[in-house]
Amino acid sequence: MNPFAYLRAPDASSAMSARLRTPGAQYIAGGTNILDLMKDDVERPALLIDINSLELSRIDARDDGVLLGALARMSDVAAHATIRARFSAVAMALDETASPQLRNMGTIGGNLLQRTRCAYFRDPATACNKRVPGSGCGAIGGENRTHAILGTSDRCIATHASDLAVALVAFDAIVHIVSSQGMRTVPIRAFYRLPEATPQLENTLAPGELIAGVFLPFPPFPARSTYIKVRDRAQYEFALSSAAVTVSMQSGMIAAVDFALGGIATVPWHVPAAAASLIGQTPSTERLENAATTALEGTRGYGQNDFKIVLARRTLIRALAAVTA
Ligand code: SF4
């Protein structure tokens with residue numbers, strides 16, 4: 001590991017100014033991602049800015065929804081009564097992330113900003129446009145069984161690793177961001193960037209900005225939800241395919257529905273038209289299959305990951321069937 005300086009920031013403005021004035025500085029909260037990347041020599045921050053003293057760990061249930069502080073621990077959010085009752089897909093996604101030890105340390109903000117699990121990204125001896133822009137992509141034509149089939153480019157096909165982000169997209173959560181100009185908000189559906197020609201840019205945070213929290217609005221209707229994650233082993237594994245679905249049923253009919261897909265795309269995947277096609281319908285195998293077909297339009301396999309095209313379809317249909325039954 002390379003030598004680095006350490007600063008415990010007393011407040012957001014000190015943290016942001018330290019980051020802006022120190023090239024290569026990084027924030028650290030739970031540390032479950034950045035420390036691994038430093039040990040692997042993928043990240044070499046000159047300065048680690050510890051933001052754990054910032055008052056951003058509250059889970060605030062309000063009349064209109066729940067505000068999750070960026071420093072709230074994943075395990076605390078998963079155990080919160082309102083999250084379990086009103087946003088069960090979020091609790092399920094958190095429960096199925098990593099291990100209990102990592103969920104006790106990992107924060108909501110850190111989970112949303114975690115880097116990809118692409119093995120080439122984590123091996124500095126290989127080509128990777130995300131790690132070293134312009135160096136190539138080892139996964140295209142290489143080991144790509146776990147890689148994306150949607151949202152890819154000829155520069156990068158890495159999947160987005162977060163389970164939580166998939167559930168937050170289904171619920172149309174809002175990311176609260178603090179910058180030197182004050183607070184701004186971005187719908188999580190617009191927070192992540194496709195790799196296109198610049199896979200090193202993964203989200204819409206400007207330099208120095210911090211995620212302050214995530215607001216989960218209560219759906220305007222009584223809703224139930226689920227998160228289904230398919231992976232190689234039952235625990236401590238990233239998704240090969242996942243689906244978060246929220247639905248409101250009235251008299252056997254789908255009154256409202258939305259969903260997002262994970263493990264198969266470079267960003268949490270959301271196709272509003274696919275969900276909209278189900279509204280006003282009674283659920284049937286054919287209708288759920290048609291919605292899945294729409295959701296997965298444009299898939300492209302890269303050889304080893306071709307199986308995900310079928311797997312993603314089955315995952316989504318299973319989640320839709322479970323929540324509309
Ligand atoms: Fe790097 Fe993306 Fe290619 Fe993986 S898929 S090697 S992260 S450019």
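What you see is a predicted model; the values in this text were computed from it and never measured. Just so you know, ligand 1 is whichever comes first in the structure, and atom 1 is the first atom listed for that ligand.
A salt bridge links Arg184 to Glu209: one of the charged nitrogens lies within less than 4.0 Å of a carboxylate oxygen. The pair Arg145-Asp306 does not meet the salt-bridge criterion, since no charged nitrogen lies less than 4.0 angstrom from a carboxylate oxygen. With salt bridges taken as basic N to acidic carboxylate O contacts below 4.0 Å, none links Arg58 and Asp76. Ion pairing between a basic and an acidic side chain is recognised when a charged N comes within 4.0 Å of a carboxylate O; Arg84 and Asp95 show such pairing.
At a heavy-atom distance under 4.0 Å, only backbone atoms of Arg155 (N, CA, C or O) approach ligand 1. With a 4.0 Å heavy-atom cut-off, ligand 1 is reached by the side chain of Cys118 but not by its N, CA, C or O.
Scanning the protein heavy atoms around atom 6 (S) of ligand 1, the nearest turns out to be Tyr120 CB, 3.4 Å. Protein heavy atom at the shortest distance from atom 2 (Fe) of ligand 1 is Cys156 SG, 2.4 Å. Cys128 SG, 2.3 Å is the protein heavy atom nearest to atom 1 (Fe) of ligand 1.
Residue contact annotation: Gly138 has a non-hydrogen atom under 4.0 Å from ligand 1.
Taking the side chain as every heavy atom from C-beta outward, Val230 and Arg318 approach each other to under 4.5 Å.
At a cut-off of 2.8 Å, Cys137 is counted among the residues with an N, O or S atom near atom 3 (Fe) of ligand 1.
Residue-ligand proximity, Phe121 to ligand 1, at heavy-atom distances under 4.0 Å covers atoms 7 (S). Proximity to Asn129 (heavy-atom distance under 4.0 Å) selects the following atoms of ligand 1: 1 (Fe), 8 (S).
A pairwise comparison of heavy atoms in Thr116 and Arg122 identifies O-NE, 2.9 Å as the closest pair.
Geometrically, Arg86 engages Phe218 in a cation-pi contact defined by less than 6.0 Å to the ring centre and at most 45° from the axis.
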